Amino acid sequence: MSEGELFAIAGLTLRVGALATLGVMPFAIGVAWCLVRLEFPGKTLVRALVGLPMVLPPVAVGLALLWLLGRRGPLGAIWETLGVDLAFSAWAVGLAAALVGFPLAARACEQAFAAVDRRYETVAQTLGVTPFATFWRISLPLARRGVLYGALLCFTRGIGEFGATAVVAGIIPGRTETLSLGIWSRVQLGEDGSALALCAVSFAIGLATMWIGERWLARETP
Amino acid sequence: MLALAATAIVPWSASADELLAGAAVSLRKPLAAIALDFEARHPGTRVRLSFGASSTLAAQARAGAPLEVFVSADPQLVDDLERQRWGEARRDIARNALVVVAASGFELERPEDLLAAELRRLALPVRAVPVGGYARQWLAQHGLLERLEDRIVQTEHARATLAAVDAGHADAAIVYVTDVRATPAARTTLAIPQAEQPAILYTAALRAGAGELARAFFSALSDENARAHFADAGFETP
C-alpha cells in the first residue's frame with residue numbers, strides 16, 4: 001500500500017467523520033433540548049426512537065439506508081429525477097456515520113441540558129429575553145461541556161463505523177473506503193501488513209481525538 | 001461559517017475523467033496491470049477498481065452502485081444483471097481453473113484425502129460466490145460435498161479463501177490456480193484434471209449509458225495487451 005493511498009483513506013475517514021458530526025449536532029441539540037424542556041405525549045417513544053440506531057445491528061441500519069437511498073427503494077424515483085446517486089458514494093458513508101453517531105450525541109446533549117439550572121433560563125425570560133436568545137446565550141453555553149462531549153462521541157463512533165457503511169456504501173477504493181473498511185478488505189486479501197498500517201493510523205487518530213477531547217474537558221471542568 | 005466549513009471538508013466527488021470498475025477479486029493482478037496501461041494510454045484519466053466477490057459486486061450494481069464496468073467470475077451474474085437491463089454489452093475475457101490447496105505438511109494425493117481427520121477446516125465462500133459454487137460442484141462430483149459440509153469455514157471471496165490457508169485459519173481450500181500463482185507460499189497442492197474442471201469464465205459487462213472512458217476500458221479488457229496480462233497471470237483467454 002502506498003503512502004498516498006494511506007493518506008487518502010485517513011483523509012476520507014476524517015472528513016466524513018467531521019461532516020457527519022457537523023450535520024448531526026444541530027439535530028442532536030434540538031431533539032435533546034425538546035426532550036428536556038418540553039412536555040408532550042409520546043415522549044418516551046421519541047426517546048426510544050432516538051436511541052434506536054444505537055441498539056440496532058449496524059448492518060440493519062445500513063440495509064435500511066440502502067433501501068431509502070437506493071434506486072430500487074421507495075424514494076428511488078426521486079433520486080433518479082434529481083440525477084443523484086447517494087448510495088455507494090461518500091455521502092452514504094457520511095449518512096451511515098451520522099445515523100449511528102446521532103444517539104450518542106443526543107444522549108450526551110440531553111444530559112447536559114438536564115443539568116442546566118432552570119432558574120437561569122426563567123430569570124432571563126422574566127427580564128424580557130426571547131426564548132431563542134435564552135437558549136443561545138444561557139442554556140447552550142451552560143451545557144457546552146456535555147454538548148461537546150456528545151460531538152466527540154459522535155465523531156469517534158462515526159469514523160469507526162463499519163457494518164452500516166459496508167452495506168450502503170460498499171468498499172470502493174478512493175470513494176467510500178474508510179479506515180475500518182480498508183482494514184477489513186486488506187485482511188480479506190491476506191495483506192496483513194497493510195491492514196496493520198491502517199490499524200496503526202486508526203489508533204493514532206483515536207488517541208489524538210480522545211486526548212484533545214480530554215484536554216478540552218479538563219479545562220472546562222468548573 | 002458552518003456551511004463554509006462543510007464545503008471545505010466535503011468528500012471527493014466523481015469527475016468525468018475517472019471511471020469505476022468492479023471486478024472479481026481473482027482478477028486483481030492482471031486488471032491492475034491493464035488499468036495502469038490504460039491510464040498511460042489515456043493521460044489524465046484514472047481507473048478505480050473495486051475488487052470483491054462477483055456476487056457482492058453484482059448485488060451492489062443492482063442496488064445502484066456507480067460501477068460502469070463489471071467483470072464477473074460467473075457469467076450467470078451478468079445474465080441476472082442483463083435481465084434487469086443493467087448492461088448494454090458483454091464479452092467473455094478470460095478462463096480460470098481450480099486447484100485444491102492445503103497447508104504444507106498435509107498430504108494430498110487424491111480428492112478423498114480431504115476427508116482425513118486432521119484436515120479439520122476447509123475454507124470456502126458461500127455458494128453464491130463463484131468460487132464457492134465451482135468448488136462445491138467439483139466436491140459433489142466426488143461425493144465429498146455432504147461429508148465435508150460441517151468442516152467448511154466461510155470466507156468472503158476467492159482471495160480470502162487462500163489467505164485463510166496461508167494464515168493458518170484453515171487447513172485446506174479449493175481456489176483458483178491463478179491465486180496460488182499470484183501469492184507464492186509453501187503449500188501442498190492437488191491438481192484437478194482438465195476433465196473434472198468446471199467451466200470458469202470471466203465475463204465483462206458495460207453498464208447501459210456508460211461514458212466514453214468506460215467504453216474504451218471495456219474494449220481494452222479484451223485487446224492484445226489485456227490478453228498478454230491475463231496469460232502472464234495464468235489465465236486462459238478466449
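Small disclaimer: the values here were computed from a predicted structure and weren't measured. We name chains A, B, ... by the order of the sequence lines, and we start the count at 1 in each one.
No donor-acceptor distance shorter than 3.5 angstrom exists from the side chain of B:S50 to the backbone of A:P173, with no hydrogens or angles considered.
Note that the CD1 atom of A:I172 and the CD atom of B:Q60 stand 6.0 Å from one another [nearest 0.5 Å]. To the nearest 0.5 angstrom, A:S185 atom OG is 7.5 Å from B:H157 atom NE2.
By the 4.5 Å heavy-atom criterion applied to side chains, A:L189 and B:R28 are counted as neighbours. In this structure, the side chains of B:R48 and A:E177 stay at 4.5 Å or more apart for every pair of heavy atoms.
For A:E3, the CD atom is loosely surrounded, since the number of other residues' heavy atoms within 6.0 Å does not exceed 12. Atom CD of A:E5 has more than 12 heavy atoms from other residues, nucleotides or ligands within 6.0 Å. No more than 12 heavy atoms of other residues, nucleotides or ligands lie within 6.0 Å of CZ in A:F27, so this atom counts as exposed by the packing criterion. Counting heavy-atom neighbours within 6.0 Å of B:R41 CZ, excluding the residue itself, gives a total above 12. Around atom CH2 of B:W86, more than 12 heavy atoms belonging to other residues, nucleotides or ligands sit under 6.0 Å away. Heavy-atom neighbours of A:F113 CZ from other residues, nucleotides or ligands within 6.0 Å: above the threshold of 12.
Residues A:G190 and B:A163 approach most closely at CA-CB, 3.6 Å, considering heavy atoms. B:L19 and A:R175 make their closest contact through C-NH2, 4.4 Å (heavy atoms, listed as atom of the first residue, atom of the second, distance). Here the closest non-hydrogen pair linking B:A63 and A:F88 is CB-CE1, 3.9 Å.
Heavy atoms closer than 4.5 Å to chain A are found in the backbone of B:L49, but not in its side chain.
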